[in-house]
There are 2 protein chains.
Amino acid sequence: MTGSRSETAWRILQSAIINGEFPPGAQLRFQELQEFCGMSVSPVREALTRLVAAGLVEVEHNRGYRVTKLVVSELDDLVRTRSRVEGWALEESIRLGDEHWEAALISSLHLLEHLPRRRENGANLHDEHWEARHSEFHDTLVSACGSPILLEFCRTLYSRADRYRRFSLSMETGSRDVAAEHRAILDAALARDADKAKGLLAAHYEATASFIRDHLSEE
Amino acid sequence: MTGSRSETAWRILQSAIINGEFPPGAQLRFQELQEFCGMSVSPVREALTRLVAAGLVEVEHNRGYRVTKLVVSELDDLVRTRSRVEGWALEESIRLGDEHWEAALISSLHLLEHLPRRRENGANLHDEHWEARHSEFHDTLVSACGSPILLEFCRTLYSRADRYRRFSLSMETGSRDVAAEHRAILDAALARDADKAKGLLAAHYEATASFIRDHLSEE
DNA sequence: TCGTCACCGATTTTCGAAAATCTTGACCTT
DNA sequence: AAGGTCAAGATTTTCGAAAATCGGTGACGA
């Protein structure tokens, strides 16, 4: 069992926040978090500090922590920034990636496609298996870019955008064919068509964002 | 005085690490850090957690924290990534920046030029006044890009690259005319020539990096 | 009536020590 | 001599309580 207590607290809280268990804007009180995680204040505090760095939580001195709100303008920022930054990373991956990268890519999409998202009365469930593979696929896309720093930034952007996506997931009607979008990106990448791949990736993000925008503004 | 204890610990340690007071690769022991910061373990630990997020410190579970090493390959990564990312941010700033941005830019360069770097027997001193204004100038360059997320990333990249620059500062011979490079970037930005500005910024980074590479590999 | 200020409970932040874990090196076995 | 075991010391990690701070309430005086 590898992991400190603060590591588990971090996992628990990140997951809870991403899944909306602690809703956007909610105050995070230590007493509650300690009971929620089953540990004392120190590891909880460390986890929160890391979540602040990841942008999922905000802190105001002596006034505690709260879940970062979901704001349309930030979503727009995320989509634009991701399209650019991950576009570069994808371009470099296409330029530098070898046959192992291709194999990993094909593999990760296969795994994603053969674990269908479960649904319940029209709404998608938060299926952690699907989420893990989805994250893995997007990570693999840019994994051969040769820049650890850029890669790390892509992961941060993913997890920040992920909150928005999961928020709208419960309402999504399923009219989109996400799987087809993924496959199209893969095909362009394997064909070494960087411009097409970048464009498809950006469209993929934008399509997701426009969904979310509708749901966010409805409230 | 606004600031928690962990905030001051963060400032103290960040400054000490950037200035090489704790050399790259050095173990950071809590007892020493507590005495160094004049406070107990909790705020020190929180500061370290934040420094890990910033990439200045690394942590291995149950084996403590250590200052991130300076590695040429990471320097290369930083230069490439900064050129790309800050180049884009600069381009957007040039596109979106209004007259207030221009004014802030002229102002920050003026302040930088009129606080000459102090020298002592050929080597540059770590002059925090100069450093603050230098940081401010580079921040202002990209400040009008309209993307808080990108801006935040630029700051992270700056502080990471800063460690390398300061490391080589003590040995630099002063053969470069850094002030002229800054002014050239400013002129291109004011002339709204994004491509030229991006190129000059990238050259600025690369010139700094090639200095550092020499000093790093000498050891 | 309004504003000021001191006090109270709630909450965050920090402390100092206990618990858990790692490292070192002596000692024993093979 | 090489390798393994185990206790002692050093170090990190976590705990539980103390200290500091915040927000609100109500008494008091102008």
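Letters A, B, ... are given to chains in the order of the sequence lines, protein chains preceding strands, and every chain is numbered from 1.
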Atom-pair distance (CD on E7(B); P on dT14(C)), nearest Å: 10 Å
Among dT14(C), dG16(D), dT12(C), which is the nearest nucleotide to the side chain of S42(A)? dG16(D)
Specify the separation, in whole Å, of atom CD of E60(A) and atom C1' of dC22(D). 11 Å
Could you state the atom-to-atom distance from CD of Q34(B) to P of dA17(C) in whole Å? 11 Å
Side chain of R5(A) only, please: which of dA17(D), dT11(D), dT14(D) is the nearest? dT14(D)
Could you check whether L28(B) gets within reach of a base, just the sugar-phosphate, or nothing at all, counting any heavy atom under 4.0 Å? sugar-phosphate
Ranking dT14(C), dT13(D), dG16(D) by distance to the side chain of V41(B), first place goes to dT13(D)
Does a side-chain N or O of R45(B) approach OP1 or OP2 of dT13(D) to a distance below 4.0 Å, or not? yes
Send over the distance from M39(A) CE to dG16(D) C1', rounded to a whole Å. 16 Å
Nucleotide dT12(D), atom C1' - distance to NE2 of H61(B) in whole Å: 9 Å
Going by atom types only, do Y164(A) and E74(A) share a side-chain donor-acceptor pair under 3.5 Å? yes
Whole-Å distance, Y65(B) OH to dT12(D) P, equals 10 Å
Quick one: R29(B) CZ to dA10(D) P, roughly how many Å, whole number? 12 Å
On DNA chain D, compare the nucleotides closest to F30(B) and N62(A); which residue's is nearer the 5' end? F30(B)
Of the nucleotides dT12(C), dC15(C), dC22(C), which has the atom closest to the R63(B) side chain? dC22(C)
Could you tell me if the ring centre of H134(B) sits under 6.0 Å from that of H129(B)? no
Let me know the distance between CD of E46(A) and P of dT12(D), rounded to the nearest Å. 13 Å
Under 4.0 Å between a side-chain nitrogen and a carboxylate oxygen: does that hold for E131(A) and R166(A)? yes
Would you check if there is a donor-acceptor pair between the side chains of D139(B) and S143(B) at a distance under 3.5 Å? no
Side chains of Y205(A) and E86(A): donor-acceptor distance under 3.5 Å anywhere? yes
